[in-house]
Amino acid sequence: MVREQNIRSAILRAALGDQDWAELLKSGRRLSFAKGQTIIARGSLADNLYVIESGRVEISVTLADGNKAALNQMGPGEVLGEIALLDGGPRSADAIAASTDVHLIAVSHAEIYRILEKSSDVLTALIRELCKRVRNASDMFEVKSEKSAEVRLARALLQLAAKWGRAGDGGPEGGTVIKGFSQSELGDLAGLARENVNRQLRLWEDDALIRRDGKTIILCDPDAIAVAAQL
């Protein structure tokens with residue numbers, strides 16, 4: 001299901017009116033990528049941006065030591081490849097179809113600039129949204145610079161819950177259900193080894209703060225997880 005907050009969080013979508021956004025999507029072409037397939041390669045030239053229709057996309061970079069650092073998990077309604085398309089530079093990260101096949105709409109560089117050039121108001125809105133993105137990036141690096149594994153994992157879970165969570169039967173007040181994320185993916189997001197993720201999840205299970213069922217995590221007590229995240 002496409003979430004409206006995902007659509008509105010995209011830089012271009014936040015800057016464009018409904019009519020211009022609909023015009024952009026109409027000009028695009030639909031593409032499909034199998035699970036594990038690369039959608040965008042870091043360092044490649046930017047010729048399109050992509051609006052995700054279904055599936056989940058992992059955004060990551062490979063560090064100097066060869067390890068992967070996951071930056072984000074994106075889903076329906078979100079937009080890939082905005083920054084490189086707007087500044088003309090190479091792609092800043094890899095985008096890979098994660099866990100499921102991905103279906104998206106590709107919109108060309110020429111069509112985007114045709115719409116942007118129509119209004120100075122749109123350009124002003126773009127600047128505002130880019131500034132917000134810089135602030136969000138600062139928050140992300142703050143999470144990964146935190147030394148405590150408990151804090152890092154708690155913040156990663158809360159970020160996933162805010163974006164992917166559903167109300168469920170996790171506890172007296174329903175809890176929050178997060179589906180489809182492996183321990184390795186959680187570790188990539190939090191900057192932790194899988195073993196450390198599993199150890200911390202077991203501790204929270206023992207305290208009845210969460211429950212697990214395969215790749216499903218139920219936050220039985222989101223407030224307690226927020227305390228662990230030091231928020």
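Quick caveat: nothing in here was measured; it's all calculated off a predicted structure. This chain uses plain numbering: 1 for the first residue, then up along the sequence.
Using a cutoff of 4.0 Å between basic side-chain nitrogens and carboxylate oxygens, Lys26 and Glu111 are not scored as salt-bridged. With respect to the salt-bridge test (charged N to carboxylate O, under 4.0 angstrom), the residues Lys68 and Glu58 qualify. Between Glu23 and Arg114, at least one side-chain nitrogen of the basic residue sits less than 4.0 Å from a carboxylate oxygen of the acidic one, meeting the salt-bridge criterion. Contact check on Glu53 versus Arg30 returns a salt bridge, with a Lys/Arg side-chain nitrogen under 4.0 Å from an Asp/Glu carboxylate oxygen. Using a cutoff of 4.0 Å between basic side-chain nitrogens and carboxylate oxygens, Glu185 and Arg56 are scored as salt-bridged.
Asn48 approaches Ser108 most closely through the heavy-atom pair OD1-CA, 3.3 Å. The minimum heavy-atom distance between Leu189 and Ala156, with the atom names listed, is CB-CB, 4.5 Å. Summarising the geometry of Ala93 relative to Ile40, their closest heavy-atom pair is O-CG2, 3.8 Å, with the distance given to 0.1 Å. Across all their heavy atoms, Val197 and Gly187 have their closest contact at CG2-CA, 3.5 Å. Minimum interatomic distance between Val151 and Ala228 (heavy atoms only, all atoms of both residues): CG2-O, 3.4 Å. Nearest heavy-atom pair across Gly165 and Thr176 is CA-CG2, 3.9 Å.
Although no hydrogens or angles enter the test, the distance criterion places a donor-acceptor pair under 3.5 Å between the side chain of Asp221 and the main chain of Ala224. Listed for the Asp188 side chain is no donor-acceptor partner under 3.5 Å among the backbone atoms of Ala69. Remark: side-chain polar atoms of Asp101 are paired, donor with acceptor, to backbone N or O of Lys35 under 3.5 angstrom.
When side chains are defined from C-beta on, Leu153 counts as touching Leu192, because their heavy atoms get closer than 4.5 Å. The side-chain heavy atoms of Lys163 and Asn72, taken from C-beta on, include a pair separated by under 4.5 Å. In this structure, the side chains of Thr216 and Phe181 stay at 4.5 Å or more apart for every pair of heavy atoms. Residues Leu104 and Phe33 form a side-chain contact, since some pair of their non-hydrogen atoms from C-beta on lies under 4.5 Å apart. Counting only heavy atoms from C-beta outward, the side chains of Ile59 and Met74 approach each other to under 4.5 Å. Side-chain contact between Ile225 and Trp204 is present, with at least one heavy-atom pair separated by less than 4.5 Å.
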Let me see the working for Arg212 and Gln183 under side-chain contact (heavy atoms from CB on, under 4.5 Å), right down to the final yes or no. CA-CA 11 Å; Arg212 287 187 287 177; Gln183 290 184 23; 2.9 Å; yes

Please report the C-alpha distance between Arg211 and Glu205 in whole Å, then the side-chain angles of each, then the deciding distance to 0.1 Å, and finally whether the salt bridge (charged side-chain N to carboxylate O under 4.0 Å, His left out) criterion is met. CA-CA 6 Å; Arg211 286 196 291 109; Glu205 276 187 308; over 6 Å; no

Residue pair Glu150, Arg155: steps toward the salt bridge (charged side-chain N to carboxylate O under 4.0 Å, His left out) verdict: CA-CA 9 Å; Glu150 180 181 19; Arg155 291 184 182 180; over 6 Å; no

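Residue Leu71 holds its CG atom at 9.5 Å from CG of Asp94, rounded to the nearest 0.5 Å. With rounding to the nearest 0.5 Å, the separation of CG in Asp207 from CG in Leu203 is 7.0 Å. Of the inter-residue distances, the one linking Ile210 atom CD1 with Leu201 atom CG reads 4.5 Å to the nearest 0.5 angstrom. To the nearest 0.5 angstrom, Arg91 atom CZ is 11.0 Å from Ile39 atom CD1. To the nearest 0.5 Å, atoms CG (Asp20) and CD1 (Ile112) are separated by 12.0 Å. If you take CD on Gln73 and CH2 on Trp164, they are separated by 7.0 Å, rounding to the nearest 0.5 Å.
Defined by atom type and a distance below 3.5 Å, a donor-acceptor pair is missing between the side-chain atoms of Asn196 and Arg152.
Note: the hydrophobic cluster containing Leu186 also contains Leu158 (ILVMFWY, side chain heavy atoms under 4.5 Å, direct or indirect links). Ile96 and Leu49 end up in different hydrophobic clusters when Ile, Leu, Val, Met, Phe, Trp and Tyr side chains are linked at under 4.5 Å. A continuous path of ILVMFWY side-chain contacts below 4.5 Å connects Val102 to Leu31, so both sit in one hydrophobic cluster.
Counting non-hydrogen atoms of other residues, nucleotides and ligands closer than 6.0 Å to CG of Leu25 gives a total above 12.
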